[in-house]
Amino acid sequence: MGNKCSCCAYSSPQLGRKDLGGDGVGRGLEEHLPDGDISVNNLQHISEREPEVWNSDPSLHPCAGTIFLERSKQSIENGMVRKKSQHQIADIRPLKKSSSCSTIYLDDSTVSQPNLKNTVKCVALAIYYHIKNRTSQRQIEIFDEKLHPLTRDGVADDYDKHNPEHKQIYKFVRTLFNAAQLTAECAIITLVYLERLLTYAEIDITPANWKRIVLGAILLASKVWDDQAVWNVDYCQILKDITVEDMNELERQFLEMLQFNINVPSSVYAKYYFDLRTLAEANSLASDFSLPLSKEKAQKLEAMSRVYEDKIAAEFLRNGIKKWSSLDNICLAPRRSIAILS
């Protein structure tokens, strides 16, 4: 996808701390597989990976809690305590939009077709909490914005001291998604890759590396998800001062740190979607998912309901189910079993 050389021809992935001994020397680089084969290029075979690692990795296991939601709870709980200490205990729950006779609010975001703007806003909020409640300061050179600036102006001397605001993160992500015409599903995959990177490479998102980590995750997610992905050179048209060589190197090393594991199960995708919904509700963004029902949307829903109603009616008739006046009053013919007397 715009690379001058294939990323798969790059060197083997770097070893994480769990693969290194106390002296920093790698162990088990050529462990034999059950069938007698040997791992090639230091890449772990599926049978070599420990089951407990899979069970605790939220980007792989559907039952493992997402990292961003856990870190967001810390800030939310601290905010609750702060408000209580200021004697503001009345009712801090956000007001929700409710349907009435004059206005009907519909949720236009589903797991199969998420709302783009709201999903990007929630992903940016998840990244914000990752930075705010980080647990380490470990840096990797390819993600350091001081060593690999995205603009010719470079960064300030205290670039790694101040946490970015949610609006700043949202503006950066939104600019990339709008310019590259990416989908909302791609935003969810981006967040999955971000947390997979944090787990595999044992790093955290910091003020010094968040832009390049997000850029690498978006680049990879767009190529995995979209059939017609954006080329690396196209991102150079969005970020004017970055080179294709830098984009290629960022993609290669990002893939290495993920151990070339770019698969996202549907159950994991759904988990991240609903956790983002939970994050939105906890941060008073849930109302953004509900929009007033317009005349055009009502007509579209009516047409879809008629098609679905005809489809169900035909299915009922084909299966011998009696249908009286409407689908709301379906009469099922009782089944009679013949008693066998001995």
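- Taking all atoms of both residues into account, the shortest heavy-atom contact from Trp210 to Pro164 is NE1-CG, 3.6 Å.
- The OG1 atom of Thr119 sits 15.5 Å away from atom OH of Tyr272, with the distance rounded to the nearest 0.5 Å.
- Side-chain contact check for Lys223 versus Glu251: some heavy-atom pair is nearer than 4.5 Å.
- A heavy-atom distance below 4.5 Å is not found between the side chains of Arg174 and Lys117.
- Put simply, CD1 on Ile142 and CZ on Arg212 are 5.0 Å apart, with the number rounded to the nearest 0.5 Å.
- Using a 3.5 Å distance cut-off with no hydrogens or angles, the side chains of Tyr128 and Asn283 do not pair a donor with an acceptor.
- Across all non-hydrogen atoms, the minimal contact from Asp57 to Tyr200 is OD2-CE1, 3.2 Å.
- Smallest separation of non-hydrogen atoms from Cys122 and Ala280: SG-CB, 3.6 Å.
- Note: Glu245 CD to Asn232 CG = 10.5 Å, rounded to the nearest 0.5 Å.
- Using modelled atom types and a 3.5 Å distance limit, the side chains of Asp246 and Thr243 yield no donor-acceptor pair.
- Contact record, Ala217 with Tyr193: O-CD1, 4.1 Å, taken as the closest heavy-atom pair.
- Residues Leu150 and Asp241 fail the side-chain proximity criterion, which asks for heavy atoms closer than 4.5 Å.
- Taking the side chain as every heavy atom from C-beta outward, Glu202 and Ser136 never approach each other to under 4.5 Å.
- Taken together through direct or relayed side-chain contacts under 4.5 Å among Ile, Leu, Val, Met, Phe, Trp and Tyr, Ile203 and Leu147 form parts of separate hydrophobic clusters.
- Between Lys146 and Asp160 the shortest side-chain heavy-atom distance does not fall below 4.5 Å.
- Between Leu215 and Met247, the closest side-chain pair of non-hydrogen atoms falls below 4.5 Å.
- Scanning all heavy atoms of the two residues, the minimum distance from Ser59 to Arg196 falls at O-NH2, 2.5 Å.
- We find the CD1-CD1 distance between Ile205 and Ile213 to be 5.5 Å, quoted to the nearest 0.5 Å.
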I would like to know whether Asp226 and Thr183 meet side-chain contact (heavy atoms from CB on, under 4.5 Å); could you show each step before the answer? CA-CA 8 Å; Asp226 292 336; Thr183 61; 3.9 Å; yes
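- For the atom pair OG1 (Thr66) and CZ (Arg71), the distance works out to 11.0 Å, reported to the nearest 0.5 Å.
- Under a hydrophobic clustering in which Ile, Leu, Val, Met, Phe, Trp and Tyr are joined whenever their side-chain heavy atoms come within less than 4.5 Å, directly or via other members, Val120 and Ile218 fall into the same cluster.
- Hydrophobic clustering, with ILVMFWY side chains joined whenever heavy atoms are under 4.5 angstrom apart, groups Leu239 together with Tyr170.
- Leu116 and Phe274 fall within the same hydrophobic cluster, where Ile, Leu, Val, Met, Phe, Trp and Tyr residues are linked whenever their side-chain heavy atoms come under 4.5 Å apart, directly or through other members.
- Separation of atoms NE2 (His130) and OG1 (Thr135) is listed at 10.5 Å; rounding is to 0.5 Å.
- Here the options are Leu276, Leu125, Ile127, Val123, the test is side chain to side chain contact (heavy atoms under 4.5 Å, CB included), and the partner is Phe68; only Leu276 passes.
- Annotation: side chain of Pro114 is not in contact with side chain of Arg277 (no heavy-atom distance under 4.5 Å).
- For the residue pair Gln139 and Thr206, a side-chain donor N or O sits within less than 3.5 Å of a side-chain acceptor on the partner.
- In this structure, Val192 and Tyr269 have side chains that are not in contact, with every pair of non-hydrogen atoms separated by 4.5 Å or more.
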Does Leu250 form a side-chain contact (heavy atoms from CB on, under 4.5 Å) with Phe143? I'd like the steps, not just the answer. CA-CA 8 Å; Leu250 179 64; Phe143 299 129; 3.5 Å; yes
Check against side-chain contact (heavy atoms from CB on, under 4.5 Å), Leu60 and Thr199: CA-CA 11 Å; Leu60 293 175; Thr199 303; over 6 Å; no
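- A salt bridge does not link Glu309 to Arg306: none of the charged nitrogens lies less than 4.0 Å from a carboxylate oxygen.
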What do the steps show when you test Asn163 against Arg134 for side-chain contact (heavy atoms from CB on, under 4.5 Å), and what is the final call? CA-CA 11 Å; Asn163 294 341; Arg134 59 188 180 274; 3.0 Å; yes
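- Heavy-atom neighbours of Asp157 CG from other residues, nucleotides or ligands within 6.0 Å: at or below the threshold of 12.
- Two different hydrophobic clusters hold Ile242 and Tyr159 under the rule that ILVMFWY side chains link at heavy-atom gaps under 4.5 Å.
- The 12-atom threshold is exceeded at CD of Gln168, counting heavy atoms of other residues, nucleotides or ligands nearer than 6.0 Å.
- Closest non-hydrogen pair, Trp225 versus Cys186, comes out as CD1-N, 4.3 Å.
- Using modelled atom types, one side-chain atom of Asn115 and one backbone atom of Asn118 make a donor-acceptor pair closer than 3.5 Å.
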